[in-house]
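Here's the structure we're looking at; comments come further down.
Only this structure's heavy atoms are used, side chains among them; waters, hydrogens and symmetry mates stay out. Both ligands and their constituent atoms are indexed starting at 1 by order of listing. Everything numeric here is computed off the predicted structure, so don't read it as measured data.
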Amino acid sequence: MRYAIISDIHSNLEALTAVYNDIKKQAVEEILCLGDIVGYGPNPNECIEIVRAECSVVITGNHDYACLERSEVEHFNVFASQSIFWTIEVLSDLALIYLAELPFEKKVANFNLVHASPDNPSVWNYILTLDQAIYNFSYFDEQVCFVGHTHKPTIFVETEGKEYSRERKKHIKINKDERYLINVGSVGQPRDSNAAASYAIFDTDNMEYELRRVNYDFRKTQKKMMESNLPNFLIERLASGR
Ligand code: ZN
């Protein structure tokens with residue numbers, strides 16, 4: 001089976017469309033989504049429409065969840081909370097019902113999907129360091145767990161002898177005596193100093209993983225964000241990928 005895995009779209013329709021056009025050329029059988037469809041960007045309803053139509057498995061992210069559970073916004077910084085209140089105003093009733101149905105975690109074939117971290121998928125911990133990754137390896141049984149949330153593509157590896165490392169390559173072979181915790185990066189708001197949209201291909205026949213980057217017209221997204229009076233900080237970071 002050949003999967004595309006997308007995450008952290010953040011209401012960025014131009015990035016999502018560019019990624020979807022790239023996915024169509026990759027002979028993928030299913031598209032999986034790790035959440036944060038909305039928040040930050042100007043097109044929440046349109047992005048939900050595409051994800052709902054095209055993805056076979058979708059889980060919730062902290063921004064999706066905050067649209068339903070407003071106490072969650074307390075954990076957000078000022079820019080994130082401003083954009084969530086704007087998002088709640090514009091979301092259609094159907095979009096809200098759809099977000100309310102999304103699970104926190106899902107197993108697909110022999111791998112696991114969670115937005116933030118497998119140790120407790122509803123508290124939205126970040127996995128940024130090797131130590132945080134090591135802690136999380138004991139919280140999933142599958143060989144591979146895919147996460148999003150940090151917007152930074154990363155591959156953490158656990159060997160059979162319980163040694164741990166961070167892999168920098170974009171294309172790896174999944175070895176049968178190793179386990180993996182993989183962050184696929186963000187479609188709509190990358191934060192690894194690369195403004196291009198990020199997503200991944202996972203091929204369970206060949207056991208190969210590939211991170212892909214797709215350029216898109218972020219100026220168009222920025223213009224729409226300005227027209228919607230979304231925070232400048234969020235508008236500017238799309239150009240720098242930081
Ligand atoms: Zn996010």
* Structure fact -> One checks the Zn ion (ligand 1) and counts protein N, O or S atoms under 2.8 Å, reaching 4
* To do: Using distance alone, with no hydrogens and no angle criterion, decide if N43 and K224 have a side-chain donor and acceptor under 3.5 Å apart.
  => yes
* **Under 3.5 Å side-chain donor-acceptor pair for Y164 and E158** => yes
* Residues in side chain to side chain contact (heavy atoms under 4.5 Å, CB included) with K176, at least two apart? -> none
* Asked: About how many Å separate OH of Y180 and CZ of F202, when rounded to the nearest 0.5 Å?
  -> 9.5 Å
* Asked: Y126 and ring pair (Phe, Tyr, Trp, His ring centres under 6.0 Å): which partner among H149, H115, H151?
  -> H149
* Cationic N near anionic O, under 4.0 Å, R179 to D141 -> no
